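Presented below is the structure to which this report refers.
Every value quoted in this text rests on a predicted model; they were computed, and no experiment measured them. Atoms considered below: every heavy atom in the structure, side chains included; atoms not considered: hydrogens, waters and symmetry mates.
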Amino acid sequence: GVKEDSFNVLDLAEYTKNRPWWRKVFAPSSGSSAEKYNVATQLLIGGVTGWCTGFIFQKVGKLAATAVGGGFFLLQIANHTGYIKVDWKLVERDVNKAKQQLKFHSSSNKMSPEVKSKVDEVIIFLKKNVILTGGFAGGFLLGMAS
């Protein structure tokens, strides 16, 4: 005999209809937050996430500034004491080359289609979720200030 294997098929469309939380999380066009939450909830979610992001951004920014400044300070001390020698002509040549590349890229002023589509997606999201975005911006500024 031929042995027939039977498989259970999971219909995701039916599965998501029976479970609304699944549909909210994984549906491709689940809509804006304005359709799901009231204004106070949107402001609260945006404000809290914005404050957390701003606070972390501030701490990481201070750490990065300290590391970069300390690195430059140590390089200057090492250069002054003779541990390292800097080829300033090579540095100047590389800086001029970088300036030329920046001028070339800024003169074209055209975005690639991939970047343009992502920018359009962000703009659409911001327009649909203006209250959430406003709460995030306010929370971010408060987080940066604290």
Discussion item. Is there a path of hydrophobic side-chain contacts, each under 4.5 Å between heavy atoms, that joins L63 and V60?
Written reply: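 No, L63 does not connect to V60 through the hydrophobic network.
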Discussion item. Count I, L, V, M, F, W, Y as connected when their side-chain heavy atoms are under 4.5 Å apart, and connections chain through other members. Are I45 and F125 then in the same cluster?
Written reply: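 In one cluster with I45: F125, yes.
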Worksheet item: Between Q58 (side chain) and S146 (backbone), is there a donor-acceptor pair under 3.5 Å?
Response: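 Here the side-chain-to-backbone pair exists.
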Worksheet item: Is the side chain of N79 donor-acceptor paired with the backbone N or O of L75 at a distance under 3.5 Å, no angle test?
Response: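 No, N79 side chain to L75 backbone: no donor-acceptor pair under 3.5 Å.
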[atom2] on [Y] to [atom1] on [X], rounded to 0.5 Å:
{"X": "D94", "Y": "K89", "atom1": "CG", "atom2": "NZ", "answer": "13.5 Å"}
{"X": "L132", "Y": "L43", "atom1": "CG", "atom2": "CG", "answer": "8.5 Å"}
{"X": "E121", "Y": "L126", "atom1": "CD", "atom2": "CG", "answer": "12.0 Å"}
{"X": "Q76", "Y": "I84", "atom1": "CD", "atom2": "CD1", "answer": "8.0 Å"}

Side chain to side chain, [X] and [Y], heavy atoms closer than 4.5 Å:
{"X": "Q100", "Y": "N96", "value": "no"}
{"X": "V91", "Y": "W88", "value": "yes"}
{"X": "M144", "Y": "L141", "value": "no"}

Item to complete: Over all heavy atoms of both residues, which pair between K85 and G82 is shortest? Give the atoms and the distance, please.
Response: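 Heavy atoms of K85 and G82 come nearest at NZ-CA, 4.3 Å.
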Item to complete: Before giving the answer on side chain to side chain contact (heavy atoms under 4.5 Å, CB included), spell out for I124 and K127 the whole-Å C-alpha distance, their side-chain angles and the decisive distance to 0.1 Å.
Response: CA-CA 5 Å; I124 289 170; K127 285 181 180 178; 5.8 Å; no
Worksheet item: What residue pairs, at least two apart or across chains, pass ring pair (Phe, Tyr, Trp, His ring centres under 6.0 Å) with a residue in residues 41-69?
Response: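 Output for this query lists W51-F55, F57-F140.
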